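One structure is given here, and the rest of the page talks about it.
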Amino acid sequence: MSPKKTLILAGILALASLYLFKVALPGQREAASTKRAFEGVESASVAGVTVAQQGKASFDITRVEQPQAAWEITQLKGAPLDTTEVDSLVSALLALSITGPLDEKSVSQDFSQYGLDKPSLTVVLHGKGGEDTELGFGRDNSFLSSRYVKVSGRSGIFMVPQEAFSALNKGSTDLRSKNPLEVKADDVREISVSSPAGRVKLAQPVVGEWKIVEPKELAASKESVEALVEAIGALSVSEFLDGKQGSLGAYKLDAPEVRVEVALRPGLSFETRSISVSSAEGGKKSFFTYAGAPSVFESDANHVPFLSKGADDLRENRLFSFSHRDIESVRGTTSDGAPPVEIKASRTDWDVNGKVSDPMFVEQLLQDIVDLKAVGFPDQASVPADAFKSPMLTLAITKKGDSKETVTLFVGAETPGKSGPARYAKVGEAGAVVLIPDIEAKRVVPHEEALLPGKAAPTIPPFPQGGSLSSGGKDS
């Protein structure tokens, strides 16, 4: 064997020996001495946790029982926390496994070699009985994908997996809710909004039934109000500006663009919220805060447009409150002199002017009718006197049931709308006048030919017996 090959072989054997004695065998010994750092400790017995990252101020999370069991940051009382993140931190701490201790004969007394003279992370578990356990995490041993750790009450130096360290290496902002105003629509009793769209106050006396009470009493759109509540809960934080409530003018929150007052049902952790929101950087982001908050919150999103809602934005905009399945008949007449079109429910499907219809087309038309929504609510004084002199469309809709109640939709003159041409419309002679899109008005005009089955495709006659395509059906 050549000297070169001999040297290569010797190097391979040396590396193998190093792995065997420094990694594999120690790993086996360490596996035998791996144990839970907090064996037998349950989450319910944890009173709090102190976390200190190197070079940063420490913070404490403390369990509070009133008014509801929860966690809070002692240094930021009232700051909503992300319960998932907090529970994850506590669970990771209680599940922490430590391996060791390292062999005393090979351990240096100079703790700086392990980064334990100035731990990169210190975590203290506070038990309800007053007992404290401190863990100091040192430097990373990348070769073993682990970190050195010192545990109070235990002699020696231990190792923990790098991923376990990462699960505990959290700052206070990591545990805070990025949506501090989360709220459920069913919990809300009143909402008031003052914005560029005006001022409006809503109430929910019965869950699911909203009404506008100011500036005047009107039926409210459940869908629109719940979208507003969702927008409140969606106020998102990109940066916590703690202690800045005394400088609201710097964030235009002393005279905010939007003020929202929310009253919630009794029994929750808070029953009212007074929220202020203003846009910044030309509408690229926004700032917000609320009464009692420990911070001004900066958001990378501009939330002002989603909260700027007036009465017209939140009032009921559906023209009909029933389903297409509640309709027994519809009679449509137009101003162009075309014959009326009458749709009636038959035993099985629908008849159109006494003819068997295509039920799919009829039901789509009925669905379009009941789905009509107003896109504007003009003042009565601004509606032309002749807006309904010759209605473009009149639909007399009879509902199922013994009373055979009939409601009539009148679609009148065309007028400019915010999003394109619109038409005046009202349900009943004395109904409130609204605007509906011109394109939707034309969509609900019934046309007999469009509701009847299409002409059947021509069929190929069967070949005569004994015939063929090439012979034209004649015997050879």
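These figures come from a predicted structure and were not determined experimentally.
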Legend entry - CZ on Arg315 to CG on Leu202, rounded to 0.5 Å: 12.5 Å

Inset, instruction - Evaluate the side-chain proximity of Ile61 to Leu89: yes if any heavy-atom separation is below 4.5 Å, no if none is. - result: yes

Legend entry - Spatial distance of atom NZ (Lys285) from atom CG (Asp300) [nearest 0.5 Å]: 7.5 Å

Inset, instruction - Evaluate whether atom NZ of Lys150 has more than 12 neighbouring non-hydrogen atoms of other residues, nucleotides or ligands under 6.0 angstrom away. - result: yes

Inset, instruction - Would you indicate whether Lys178, at its atom NZ, is surrounded by more than 12 heavy atoms from other residues, nucleotides or ligands within a distance under 6.0 Å? - result: yes

Inset, instruction - Verify, without hydrogens or angle tests, whether Glu298 (side chain) and Glu239 (backbone) share a donor-acceptor contact under 3.5 angstrom. - result: no

Legend entry - Heavy-atom check, side chain of Ile275 versus side chain of Leu235, under 4.5 Å: yes

Inset, instruction - Please tell me if the side chains of Val123 and Phe137 come closer than 4.5 Å, counting only heavy atoms from C-beta onward. - result: yes

Inset, instruction - Return yes if some donor-acceptor pair links the side-chain N/O of Ser278 with the main-chain N/O of Phe287 below 3.5 Å, else return no. - result: no

Inset, instruction - Give a yes or no on whether the backbone of Glu342 and the side-chain of Arg331 come within a donor-acceptor separation of less than 3.5 Å. - result: no

Inset, instruction - Please say whether more than 12 non-hydrogen atoms of neighbouring residues, nucleotides or ligands are located less than 6.0 Å from NZ in Lys252. - result: yes

Inset, instruction - Kindly indicate whether the side chain of Leu366, heavy atoms from C-beta on, has any atom under 4.5 Å from the side chain of Trp350. - result: yes

Legend entry - Atom pair OG/CG of Ser308 and Asp313 - distance to nearest 0.5 Å: 9.0 Å

Inset, instruction - Give me the ring orientation class for Phe288 and His303: parallel if the planes are under 30° apart, tilted from 30 to 60°, perpendicular past 60°. - result: perpendicular

Inset, instruction - Spell out, as yes or no, whether a donor-acceptor pair under 3.5 Å connects the side chain of Ser323 to the backbone of Arg325. - result: yes

Legend entry - Modelled atom types, side-chain donor and acceptor of Glu261 and Ser274, under 3.5 Å: yes

Legend entry - NZ/Lys128: more than 12 non-hydrogen atoms of other groups inside 6.0 Å: yes

Inset, instruction - Would you indicate whether Glu131, at its atom CD, is surrounded by more than 12 heavy atoms from other residues, nucleotides or ligands within a distance under 6.0 Å? - result: yes

Legend entry - Heavy-atom pair with the smallest gap, counting every atom of Thr74 and Lys77: O-CG, 3.5 Å

Inset, instruction - Would you confirm whether Glu257, through its side chain, and Val277, through its main-chain N or O, come within 3.5 Å as a donor-acceptor pair? - result: no

Inset, instruction - Look up atom CG in Asp87 and atom CH2 in Trp71, then write down how far apart they are to the nearest 0.5 Å. - result: 8.0 Å

Legend entry - Listed partners of Ser58 passing side chain to side chain contact (heavy atoms under 4.5 Å, CB included), at least two apart: Thr50, Ala52

Legend entry - Any donor-acceptor pair under 3.5 Å from Gln245 side chain to Ala293 backbone: yes

Inset, instruction - Compare all side-chain heavy atoms of Lys442 with those of Pro421 and state whether any distance is below 4.5 angstrom. - result: no

Legend entry - Asp242 vs Ser295, side-chain hydrogen bond (donor to acceptor under 3.5 Å, both in side chains): CA-CA, chis, key distance, verdict: CA-CA 4 Å; Asp242 295 331; Ser295 314; 2.4 Å; yes

Inset, instruction - Taking all heavy atoms of Pro437 and all of Lys373, pick out the closest pair and write down the distance. - result: CD-O, 3.9 Å

Inset, instruction - Please name all residues satisfying side chain to side chain contact (heavy atoms under 4.5 Å, CB included) with Lys389, sequence neighbours left out, ordered by chain then number. - result: Asp386

Legend entry - Whether Arg36 side chain and Leu94 backbone form a donor-acceptor pair below 3.5 Å: yes

Legend entry - Over 12 non-hydrogen atoms of neighbours within 6.0 angstrom of CZ in Phe377: yes

Legend entry - Lys426 charged N/C atom sitting above Phe388 aromatic ring, 6.0 Å / 45°: yes

Legend entry - Enclosure of Lys35 NZ (heavy-atom neighbours >12, cutoff 6.0 Å): no

Legend entry - From Asn169 atom CG to Gln54 atom CD, the distance as rounded to the nearest 0.5 Å: 10.5 Å

Legend entry - Closest non-hydrogen atom pair between Val41 and Leu125, with its separation: CG1-CD2, 4.5 Å

Legend entry - side chain to side chain contact (heavy atoms under 4.5 Å, CB included) partners for Thr334, two or more places apart: Asp336, Ala338, Leu393, Val445

Legend entry - Minimum-distance pair of heavy atoms, taken over all atoms of Met159 and Val149: N-CG1, 4.2 Å

Legend entry - For Ser146 against Pro161, the heavy-atom pair lying closest together: OG-CA, 4.1 Å

Inset, instruction - Kindly give the heavy-atom pair with the smallest separation between Pro205 and Glu209, and that separation in Å. - result: CD-O, 3.6 Å

Legend entry - Side chain to side chain, Glu316 and Leu218, heavy atoms closer than 4.5 Å: no

Legend entry - Under 3.5 Å side-chain donor-acceptor pair for Thr289 and Ser276: no

Inset, instruction - Could you tell me whether the side chain of Leu93 reaches within less than 4.5 Å of the side chain of Leu135, counting heavy atoms only? - result: yes

Legend entry - Phe320 atom CZ, neighbour heavy-atom count above 12 within 6.0 Å: yes

Legend entry - Test item: Glu440 side-chain N/O and Asp371 main-chain N/O as donor-acceptor pair under 3.5 Å: no

Legend entry - Backbone of Lys404 reached by a side-chain donor or acceptor of Glu328 within 3.5 Å: no

Legend entry - Flag, side chain of Asn302 to backbone of Val304, donor-acceptor distance under 3.5 Å: yes

